Each structure stands twice: as C-alpha cells, then as structure tokens.
Q: 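Pasting in a structure now, in structure tokens, and then I'll have a few things to ask.
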Amino acid sequence: MLSDTVIAPATPPGYGGVSLVRISGPKSEEIAKSLAKKTKPFKDRVATLSSIYNSRNEKIDDAIITYFKTPSSYTGENVIEISCHGNPIIVDQIITSVCNMGARIAEPGEFTKRAFLNGKLDLVQAESVAAIIKSQSTKAARINHKILSGDLSNKLREIKDSVLSVLAKLEFEFDISENELTQPNLIKNTVNIINNSRLSCGSLIDSYEEGRIVNKGARVVIYGEPNVGKSTLLNALLEKDRAITSETPGTTRDTVDAQIVLGGVPVTLIDTAGLRNSNNTLEAAGVERSRSEIKNADLLINVVTLGEKVKKSAGFGKEITVYNKSDIIDYPKKDGDTINISALMGHGLGELKNLIKNKLIIKNESGSSLVLTTRRQVMAISHCKDSLVAALKHLGNSAPELELVSFELRDAINQIDTLLGKTTADDILNKVFSGFCVGK
Ligand SMILES: Nc1nc2c(ncn2[C@@H]2O[C@H](COP(=O)(O)OP(=O)(O)O)[C@@H](O)[C@H]2O)c(=O)[nH]1
Ligand SMILES: [Mg+2]
C-alpha cells in the first residue's frame, strides 16, 4: 500500500450540475473529517451531506461526502469522494485545502495505477479503463467493458494455465527420468496442448485489427478519376452536402473528411482530389495529398464509371470498386468487392455500407467478440506464439531436448505475465498509465 494520499478531480473541468473530487490514501478519512469539521468517523459506503471548509475556516460549499474503506474501494485504499457543486473555483478550493492538509495532486492514471498495485485489477484491465473513457462508439465501449470485466484476462490465464500444466509435466520428466520417458504419451499430449494454445494466440492476434478499428475508428478513402462522382458519394453516405460537387473536373482540390458511424464504429470518410496529372499547382498538391491518404487508409473505395479502365490503387490494403452513375449507365450485375450504385439517386448505398462494414470486419453492433485492443497486447501475444512455435519445433525432433522445450514454454508464460502485470517492468507500467487522464 502506498504511504501518501492523493487528490484529483474525477470530472472534467467546467461548469455543471455536480463535480466529483476523489481522495485516495491512508489520510483520506482524516482529511475529510477536517474538511467537514467532523469529529465522528464517516460510515463506510454511506453518502453524507456536509458543509466543507478551507483551512481559514471559511465555508467552501455544501457537498456529499462518501467514504469507501480499504480494501473495498476503486484503488483498494481508503477513498473519499466529494460531490460538490459543478464549479471549477469550488473544485480548486477543495483541492488546495486538501493539499494543505497533507495530500498531493495525483498524476495522470494514478488512481488506476494504485488499483493495479493493490491487486484490484490486472494490467490488461487497467488499460481497458483508459480505453473505456476514450471510446468513441457504443461498440468500443462494450468491447472495452468486456475486457475490464476480466474476459480477456481469463482467456490469457487459460492459455497460461495450459502451458504451465505441460511445463510442470516436462520438468518433472527431465528431473527424474534417466533415459526412458516415465509418462506415456507425454510428447503427444504436450504437442496437442501447445498447439491449441498457439491457435488461441493466433486468433487473438487476428482480432487486433477489429479491436484497433473499433477503438480508433477506420479511415475510408474515396478515390478515382476526376468527375466520376466521388464527392457526390461522400455527400450521399453522409446524408448531407459536405463536399462541393460539379461537372467541372478538378473541383475537389483538397481532401475533405467527415465522420459517420457504421455498425457502431466511427468511420472517417475521406474524399480526395481526382487522381490526374495537373499543371495547376494547387490541384497537384491536392493530388499529392490524396496519394498519401490512400497509403494510410484502412479501406479504399475506388469510384469508376463506364468507359474508363479500372486502375488499381497504389494502396496496400482492402479495396471496393464502385461503378457510379448506374442511373444513366447500364452496368452488368456485379458481386464480390464490386458494386453498382448511383450516388446521385441514392441507389445501392445500403449495399455499399454493408460491404464497407464487412471489409472493415465490423461483425455486429453488440461487440460480443473478444479482441486485443493495444499494440502492447499484440506484441506480447505474438512473442508468446513464437515461443510456442519454437517449442513445437523442438518437440518435432525424434529425440526432443526437453530442456529446450521448457525454456521456450517459460518464455511464452513470461510474455503473458507482462500483459497481466505479474512481471512487467516499471518503464512499461509508466507508459501504460501515462496515457490516462488526471483523476482516473
Ligand atoms: N447521373 C449521375 N450523375 C452523377 C452521379 N454522381 C455524380 N454525378 C455527377 O457527376 C458530376 C461530378 O460529380 P462529383 O461528385 O463532383 O465528382 P468528383 O470529381 O469525382 O468528386 C456532377 O455533376 C454530379 O452531379 C450519379 O450517380 N448519377
Ligand atoms: Mg470531388
């Protein structure tokens, strides 16, 4: 348990109905008593209406004070929550008074870091707290909440436990056996179990793209020749006139972006300047910018009309080809990643949205799947999987060196432990918590 007491506002700065200030640490209750000029102790988990005073005995506000006694609090320490009137000057006065009484202002993420250090959360759960706060869609909030509830931690623990169980058997074997293996089927069972764990790691790694897109949103870039209807398509998908459209080629000079929510996921649509060589420096700069957007896109929409060759983009990722102006051009029926639409008349837009969702792996709005959400998680699980693959390789030899297998399995377990926070270096911890806002 940490020896100092910290304070921070838990609600954003500004004016509102209520602001919440939180104090955590051994002196919390004593400080709350001084603040409220109370002699009797606060009751655990009971909200008490109190006037609160600064050190000069001047009244600051009337507030609701709630005490959460250790260990049943968010941080695991004694926590006091003060709900005062939603005014930044009142919040400031409370913080100054509490600091005068021996607390200090908390660092970003310090409440959650304390919860982690006191065993209330593991590191994967702690990361999900920051992700819940930053969620930009219902789906993101649900996925992050699932992680906070421990679903991802349980899955990781499941993988770790099965690797541990085979490791124990292998170590027992090379401790006691001289030549012959004493456990029949040891190698076969070990291979089966490690293989299953490897597959579980593989599906977690695959889930990252969904986790990333759900949390950070996706960038969908509309590109094509001038005048094919890119800006009209952007407006149609947005259901409002955001970009200027015209029959004059080269109308869109700069990239224009706007957000929509598809299947509960924030999607940034980017309309680009038509890709053509232009002598006009302004248009050429727009084309350059379009090319850079194409490179960074999660999905490309290549808009074409009849008569042109369908040029493949210079992009690397996923792509949908849209034949536009189907109201005036009679296209053959399309399937797969190709679709006929009329952006102007609104034909085929529902189908296009579904195709976008499928391409971005937005499966369903409920967000029930278990996904990795941070780069740190992917790196650790990939490393874990590599170690399991190395162990399997050793086991494939006619006379496997069990020590080498055991070495790889230990490494795999260590990787999972860095995620759960059992063996995580301080610099990684600092990195995880510095991404938080103050007061969480
Ligand atoms: N008939 C028809 N005209 C369209 C359609 N989509 C766009 N246009 C017209 O094509 C012209 C160029 O459209 P615009 O969106 O500015 O093309 P951009 O240069 O690719 O952005 C405008 O006159 C639009 O009204 C469509 O689906 N059908
Ligand atoms: Mg345009």
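Both counts, for ligands and for their atoms, begin at 1 and track the order of listing. Predicted model only: the values in this text are computed from it and were never measured.
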Q: Side chain or backbone of Asn324 under 4.0 Å from ligand 1, or both, or neither, by non-hydrogen atoms?
A: side chain
Q: Ring-plane angle category for Tyr331 and Tyr323, please: parallel below 30°, perpendicular beyond 60°, tilted otherwise.
A: perpendicular
Q: Regarding Glu58 and Gln93, do their side chains bring together a donor and an acceptor under 3.5 Å, going by distance alone?
A: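 There is no such pair (donor and acceptor under 3.5 Å, judged by atom type) between the side chains of Glu58 and Gln93.
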Q: Has ligand 1 got any nitrogen or oxygen that is less than 3.5 angstrom from a nitrogen or oxygen of Ser326?
A: no
Q: For the Mg ion (ligand 2), does an N/O/S atom of Ser231 lie at less than 2.8 Å?
A: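 Here the distance criterion (N, O or S atom, under 2.8 Å) is met by Ser231, so yes.
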Q: Taking side-chain contact (heavy atoms from CB on, under 4.5 Å) as the criterion, tell me which of Leu234, Leu269, Thr272, Ile222 meets it with Val256.
A: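 That would be Leu234; it is the only one of Leu234, Leu269, Thr272, Ile222 passing the side-chain contact (heavy atoms from CB on, under 4.5 Å) with Val256.
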Q: Does a side chain donor of either Asp411 or His383 reach within less than 3.5 Å of an acceptor in the other side chain?
A: yes
Q: Please indicate whether any nitrogen or oxygen in Pro226 is less than 3.5 Å from any nitrogen or oxygen in ligand 1.
A: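 It does not: no N or O of Pro226 is found under 3.5 Å from an N or O of ligand 1.
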Q: With atoms numbered from 1 as shown, which atoms in ligand 1 lie under 4.0 angstrom from a non-hydrogen atom of Ser342?
A: 26 (C), 27 (O), 28 (N)
Q: Answer with yes or no whether the side chains of Asp257 and Thr268 bring together a donor and an acceptor at under 3.5 Å.
A: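 There is no such pair between these side chains.
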Q: Considering both backbone and side-chain atoms of Met345, is one of its nitrogen or oxygen atoms within less than 3.5 Å of a nitrogen or oxygen in ligand 1?
A: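 No, no N or O pair falls under 3.5 Å.
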Q: Report the part of Ile328 in contact with ligand 1, treating N, CA, C, O as backbone and CB onward as side chain, heavy atoms under 4.0 Å; options are side chain, backbone, both, neither.
A: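 Side chain only.
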Q: Where the closest heavy atom to atom 21 (O) of ligand 1 is concerned, which of Ala236, Gly224, Ser231 has it?
A: Ser231
Q: Below 4.0 Å, non-hydrogen atoms only: which portion of Asp327 touches ligand 1? Side chain, backbone, both or neither.
A: side chain
Q: Which atom pair, heavy atoms only, marks the closest approach of Tyr223 to Lys230?
A: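 Between these two residues, the closest heavy atoms are C-CD, 3.4 Å.
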Q: Any idea which heavy atoms bring Phe111 and Ser24 closest together, and the distance?
A: CE2-CB, 3.6 Å
Q: Quick check: Val228 and ligand 1, any N/O pair under 3.5 Å apart?
A: yes
Q: Considering only protein heavy atoms, which is closest to atom 7 (C) of ligand 1, and at what distance to one decimal place?
A: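 Its nearest protein heavy-atom neighbour is Thr232 OG1, 3.3 Å.
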